[in-house]
Amino acid sequence: MWNELTNHRATVADRKILSLFDDADRAKTFSATFGDLLFDYSKTNIDSTAMSLLLTLAEQANVAGRRAAMFTGETINETEGRAVLHTALRNLDGGPVMVDGADVMPDVLATLDRMEAFATDVRTGVFLGQGGQITDVVNIGIGGSDLGPVMAVQALTPYADGPRCHFVSNVDGAHISDVLAPLDPRTTLVIVASKTFTTVETMTNARVAKAWMADKVDNPAGQFAALSSNLDLTAAFGIDPARVFGFADWVGGRYSMWGPIGLSLMLAIGGQGFRAFLRGAQSMDRHFQAAELHENLPVLLALVGIWHHQVCGYPTRAVLPYEQRLIRLPAYLQQLEMESNGKRVGMDGQDLEVVSGPIVWGEPGTNGQHAFYQLIHQGTGVVPCEFMVGAKGHEDDLSHMHVLLLSNCLAQSEALLRGRSLEEATAIMAAKGLEGAELDRQARHRVFPGNRPSTTLVYPLLTPEVLGQIVALYEHRVFVEGVILGINSFDQWGVELGKELAMALEPVLTGEAGTDGKDGSTAMLVETVRRLGA
């Protein structure tokens with residue numbers, strides 16, 4: 001099927017996407033809805049033949065079968081021997097979810113209730129710091145224990161009526177120093193997010209935070225909570241088991257904010273808001289399970305991605321939310337996609353026959369328009385763009401600004417589609433009085449090739465429920481792409497080697513060990529930082 005897709009792509013590569021709109025029903029046919037979400041992929045070069053081939057590709061890859069296996073708790077993370085059930089964390093009113101013959105839902109719901117009880121106590125002042133009511137929360141984590149909560153807390157700022165939430169992830173001491181500096185340790189709650197409670201960066205920052213708190217607080221561990229399954233190590237750190245919230249190994253880090261890793265979000269927006277976030281994701285889960293492939297938003301989003309990256313060969317994908325509060329969404333989706341599908345071998349351990357996941361990047365509009373859109377519009381490479389925008393903003397008194405935001409979003413996708421021809425550019429410059437060679441030269445600088453693909457996701461208003469739908473949409477998109485590529489989207493062995501080498505280099509940098517066995521470059525760098533840091 002890959003050959004058929006490649007051959008079809010070759011026949012339509014020079015076709016103008018705009019010409020496809022000669023079909024008056026193009027926009028309706030090449031878009032799909034779920035509730036109030038609209039996913040428009042009509043501004044791509046995908047036609048009915050391409051979509052038919054892509055759907056056949058999904059069927060041949062057994063997307064439906066693998067989807068069922070995931071939701072029913074089968075061991076689809078085969079390299080680690082685990083089920084993949086982050087969906088169970090938001091299965092608020094569904095049926096049992098079985099893993100190894102046992103229903104996991106009672107434990108999931110009990111943990112959610114414990115989280116909510118603790119969050120309510122913190123938010124209402126039942127749980128106090130040693131200087132009074134908790135005013136600030138510092139979440140210490142990294143990777144999936146940081147990116148999701150950071151993104152979601154920022155996105156749902158209009159709903160935040162609890163303590164202020166701050167996040168520390170980088171082992172660079174500047175990060176924790178800058179975050180803690182303005183805070184009062186007597187009214188700060190610190191959350192340590194590490195499933196194993198051994199993550200080097202997280203535990204290093206946790207010890208710094210504990211020492212910072214000990215300067216002003218008699219019992220610093222009394223203002224700590226842990227998101228971990230290692231009760232022995234959390235107890236050794238001094239954290240009361242009542243403030244330890246664990247989760248099973250069938251929840252991967254980058255899929256974990258639906259459970260205990262989302263505690264900071266729950267503290268910010270409350271239990272009711274957090275449950276709305278979960279219900280939004282649950283509704284997308286049900287759509288993903290029930291909708292036919294040709295009407296299924298996660299499947300369609302994945303197939304468009306496959307078309308652009310594996311078939312057309314475009315190496316990157318830009319995620320462009322026209323919503324300032326989604327400023328961290330591109331970084332979150334970067335990890336979700338690149339850690340999940342950045343693999344070189346299939347489930348059978350053999351080299352892939354096609355390229356794996358794309359480079360994912362982005363920035364909110366309209367900021368990006370004054371930064372990298374120049375390359376997107378007139379650069380020599382093609383960057384498929386994924387726009388998203390809310391029909392409404394939260395600031396009713398600034399509705400005129402939201403109209404301007406919307407007009408910019410829609411105009412960018414239209415400009416990428418239409419472009420500007422040399423004839424049009426020449427007419428514009430001639431009207432300014434230019435003639436001859438200078439007219440031609442200046443006109444060429446103002447040509448936009450156009451014919452550059454984009455999709456647009458429109459949602460009504462960025463509420464907790466809508467954010468849950470959007471995140472779950474992208475989670476399932478990554479899953480579908482992984483199934484089609486024949487890879488395991490739920491391990492991340494690529495992060496291991498660097499960790500191992502870092503541990504070996506630490507004593508070299510402190511002078512406790514030499515550089516024997518290191519390559520010339522690494523040895524030179526070690527010697528340089530030793531000298532400059534002395």
Side-chain angles (χ1 to χ4, degrees), residues 35 85-94 97 104-127 134 136-139 141 144-167 189-193 195 225-228 242-248 251 253-286 325-326 328-329 332 394 459 461-475:
L85 278 175
H86 49 281
T87 54
L89 299 178
R90 57 220 194 197
N91 182 36
L92 297 186
D93 46 16
V97 177
V104 303
M105 287 310 304
D107 284 344
V108 167
L109 297 176
T111 298
L112 180 61
D113 288 341
R114 286 184 58 229
M115 289 170 56
E116 186 167 9
F118 177 63
T120 299
D121 285 351
V122 172
R123 286 163 54 85
T124 59
V126 173
F127 177 90
I134 296 296
D136 295 273
V137 173
V138 177
N139 184 92
S145 299
D146 172 77
L147 285 166
V150 169
M151 178 275 296
V153 167
Q154 177 79 25
L156 298 178
T157 298
Y159 301 89
D161 56 2
R164 296 179 294 267
C165 290
H166 315 269
F167 297 87
L189 171 70
V190 177
I191 300 172
V192 184
K195 183 186 291 187
L227 314 178
S228 176
R243 298 193 303 277
V244 178
F245 305 91
F247 48 103
V251 180
R254 56 192 173 276
Y255 298 90
S256 61
M257 70 169 159
W258 312 103
I261 294 298
L263 180 60
S264 56
L265 177 61
M266 184 183 280
L267 286 162
I269 67 173
Q272 184 176 353
F274 189 78
R275 287 177 185 267
F277 175 62
L278 298 184
R279 288 193 184 280
Q282 179 183 246
S283 69
M284 184 57 68
D285 293 342
R286 290 176 172 174
R325 294 190 177 105
L326 289 178
R328 296 297 292 164
L329 182 65
Y332 172 77
H394 286 278
Y459 50 89
L461 178 72
L462 190 61
T463 64
E465 182 178 8
V466 166
L467 181 65
Q469 291 175 337
I470 291 172
V471 175
L473 166 64
Y474 273 86
E475 285 182 345

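No experiment lies behind these values; they were computed from the predicted model shown.
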S.K.: Check whether any side-chain heavy atom of Leu278 sits under 4.5 Å from a side-chain heavy atom of Leu112, and report yes or no.
M.R.: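 Yes, side chains in contact.
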S.K.: Looking at Gly259 and Phe274, what are the two nearest heavy atoms and their distance?
M.R.: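 Nearest heavy atoms, Gly259 then Phe274: O-CZ, 4.0 Å.
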S.K.: Would you compute the distance between atom CZ of Phe245 and atom OG of Ser228 and round it to the nearest 0.5 angstrom?
M.R.: 12.0 Å
S.K.: Give me each pair satisfying salt bridge (charged side-chain N to carboxylate O under 4.0 Å, His left out) with a member in residues 264-279, each pair once, sequence neighbours excluded.
M.R.: Asp93-Arg279, Asp113-Arg275, Glu116-Arg275
S.K.: Looking only at heavy atoms, which two atoms of His86 and Tyr255 are closest? And how far apart?
M.R.: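 Between these two residues, the closest heavy atoms are CB-O, 3.3 Å.
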S.K.: Taking all non-hydrogen atoms of both residues into account, name the closest pair between Cys165 and Ser264 and its distance.
M.R.: SG-O, 3.4 Å
S.K.: Taking distance alone, no hydrogens or angles, what donor-acceptor pairs closer than 3.5 Å link side-chain atoms of residues 147-162 to residues at least two apart or in another chain?
M.R.:
from	atom 1	to	atom 2	distance (Å)
Thr157	OG1	Gln154	O	2.8
Asp161	OD1	Arg123	NH1	2.9
Asp161	OD1	Arg123	NH2	2.7

S.K.: Using the test salt bridge (charged side-chain N to carboxylate O under 4.0 Å, His left out), find all partners of Arg325 that sit at least two apart in sequence or belong to another chain.
M.R.: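 For Arg325 the salt bridge (charged side-chain N to carboxylate O under 4.0 Å, His left out) partners, ignoring immediate neighbours, are Glu395.
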S.K.: The criterion is ring-ring contact (aromatic ring centres under 6.0 Å, His included); which residues satisfy it with Phe127, sequence neighbours excluded?
M.R.: Phe118
S.K.: What residues, two or more places apart in sequence or in another chain, satisfy side-chain contact (heavy atoms from CB on, under 4.5 Å) together with Ser145?
M.R.: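 Ser145 satisfies side-chain contact (heavy atoms from CB on, under 4.5 Å) with Ala193, Ile261 only.
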S.K.: Quick one: side chain to side chain donor-acceptor pair (under 3.5 Å) partners of Glu475, sequence neighbours excluded?
M.R.: Arg90, Trp258
S.K.: Report the C-alpha separation of Gln469 and Tyr459 in whole Å, then their side-chain angles, then the decisive distance to 0.1 Å, and conclude whether the side-chain contact (heavy atoms from CB on, under 4.5 Å) test is met.
M.R.: CA-CA 10 Å; Gln469 291 175 337; Tyr459 50 89; over 6 Å; no
S.K.: Going by the rule side-chain contact (heavy atoms from CB on, under 4.5 Å), which residues pair with Val244 if we only count those two or more places apart in sequence or in a different chain?
M.R.: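 Residues passing side-chain contact (heavy atoms from CB on, under 4.5 Å) with Val244: Ala226, Leu231, Thr234, Ile239.
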S.K.: Run the ring-ring contact (aromatic ring centres under 6.0 Å, His included) test against His166 and tell me which residues pass, sequence neighbours left out.
M.R.: none
S.K.: Applying side chain to side chain donor-acceptor pair (under 3.5 Å), name anything that partners Tyr474, two or more places apart in sequence or on another chain.
M.R.: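 Expected list: Glu386.
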S.K.: Can you name the residues that form a side chain to side chain donor-acceptor pair (under 3.5 Å) with Arg114, not counting sequence neighbours?
M.R.: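 Here no residue qualifies.
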S.K.: Could you pull out all residues at least two apart from Thr463 that satisfy side chain to side chain donor-acceptor pair (under 3.5 Å)?
M.R.: none
S.K.: In sequence, state the C-alpha distance, the side-chain angles, and the governing distance for Ile191 and Leu267, and then conclude on side-chain contact (heavy atoms from CB on, under 4.5 Å).
M.R.: CA-CA 11 Å; Ile191 300 172; Leu267 286 162; 3.7 Å; yes
